[in-house]
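Whatever order the structure lists ligands and atoms in, that order sets their numbers, starting from 1.
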Amino acid sequence: MSEPRTRGVAVVTGGGRGIGAACSVALARLGWDVCVGYRSDSAAADRVVRACRERGVTAAAAAADLAHPTAVTDLFAAADRLGPVTVLVNNAGVVAPAARIDEMDHARLHMMFTVNVTAAFLCAGAAVRRMSTRHGGPGGSIVNVSSAAARLGSPGTYVDYAASKGALDTMTLGLAQEVATEGIRVNGVRPGYIDTEIHASGGDPDRARRLGATVPLGRPGRAEEVAAAVAWLCTAQASYVTGAVLDVSGGR
Ligand code: NAP
């Protein structure tokens, strides 16, 4: 069965760089209009918007620092200007430099859980209010970008980050059931070592390339390889998939 060309609007948090940028372009290629959320790198977000438009869809960048309480309202207001929201990719996430739990302070933990968990919950709520048939919406799909860390715990590196992703996996499980009869599927992906700039922000730019060699597939993943899984989960090809979390981690 062919997919309709107009699929509505996909909101991609952290859509300006890395995995989110690849998700934005992959969804545009499939016909979604895209709202590219970002924190501060407007040049990167604008490049993604252009790449989406080259695929023949409407796209706009939306600056919204998810550490701030009003950011989600601003982000979805920008999305609403594009059309009806039918996809949310909860992708924005932060890490912090490697530390043991006895070295973590309040500021670090507050940022980690605000951006990785609280904002993802608020975005999911905003998406459900728009997509749920219970609210008169058209249905849709939510994909949470978790991490293999949620399974592994990341001892000595960032147990806080791993726990934040564990919270996302639990949200995927619970929300999928909560909205299953309201036209919304909720799934997750757990990337492994993916070659993006997030590792530099954690103080270890070569992390994915160095550790990627240790996984069964023997290399780090590419953002596009994660995006392909995210995009598939949003399509009708995944119409009987909900509450699932797909590992995209090279066998790790
Ligand atoms: P990245 O290259 O560092 O890109 C992060 C994106 O998130 C950027 O667009 C950034 O905006 C945005 N962002 C960060 N903090 C934000 C905030 N407070 N408010 C709004 N947007 C914010 O990261 P990535 O590697 O693509 O990671 C994407 C997701 O995959 C994250 O959830 C991460 O935990 C997860 N993941 C990544 C890996 C990996 O190895 N790369 C592995 C497992 C899971 P700006 O461009 O404006 O800074």
Exercise for review: Give the intermediate values and the outcome of salt bridge (charged side-chain N to carboxylate O under 4.0 Å, His left out) for residues Glu103 and Arg100.
Suggested key: CA-CA 5 Å; Glu103 298 165 331; Arg100 285 169 47 94; 5.3 Å; no

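- For the pair Arg130 and Phe76, the cation-pi test (distance below 6.0 Å, angle within 45°) is failed.
- The pair Asp169-Arg190 meets the salt-bridge criterion, with a side-chain N (NZ, NE, NH1 or NH2) lying under 4.0 Å from an Asp/Glu carboxylate O.
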Give a table of atom pairs where an N or O of ligand 1 lies under 3.5 Å from a protein N or O.
| from | atom 1 | to | atom 2 | distance (Å) |
| --- | --- | --- | --- | --- |
| ligand 1 | 9 (O) | Gly14 | O | 3.3 |
| ligand 1 | 9 (O) | Arg17 | N | 3.4 |
| ligand 1 | 11 (O) | Arg39 | N | 3.4 |
| ligand 1 | 15 (N) | Arg39 | NH1 | 3.3 |
| ligand 1 | 18 (N) | Asp65 | OD1 | 2.9 |
| ligand 1 | 19 (N) | Leu66 | N | 2.8 |
| ligand 1 | 25 (O) | Thr196 | OG1 | 2.4 |
| ligand 1 | 26 (O) | Ile19 | N | 2.8 |
| ligand 1 | 32 (O) | Asn91 | O | 2.7 |
| ligand 1 | 32 (O) | Lys165 | NZ | 2.8 |
| ligand 1 | 34 (O) | Tyr161 | OH | 2.5 |
| ligand 1 | 34 (O) | Lys165 | NZ | 3.1 |
| ligand 1 | 40 (O) | Gly192 | O | 3.2 |
| ligand 1 | 40 (O) | Ile194 | N | 2.9 |
| ligand 1 | 40 (O) | Ile194 | O | 3.2 |
| ligand 1 | 40 (O) | His199 | NE2 | 3.0 |
| ligand 1 | 41 (N) | Ile194 | O | 3.2 |
| ligand 1 | 41 (N) | Thr196 | OG1 | 3.1 |
| ligand 1 | 46 (O) | Arg17 | NE | 2.7 |
| ligand 1 | 47 (O) | Arg39 | N | 2.9 |
| ligand 1 | 47 (O) | Ser40 | N | 2.6 |
| ligand 1 | 47 (O) | Asp41 | N | 2.8 |
| ligand 1 | 48 (O) | Arg17 | NH2 | 2.9 |
| ligand 1 | 48 (O) | Arg39 | NH2 | 3.0 |

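- The number of heavy atoms from other shown groups lying within 6.0 Å of CZ (Arg134) does not exceed 12.
- Taking each heavy atom of Ala148 and Ser249 in turn, the nearest pair found is CB-CB, 4.4 Å.
- Within 6.0 Å of the NE2 atom in His135, the count of heavy atoms belonging to other residues, nucleotides or ligands exceeds 12.
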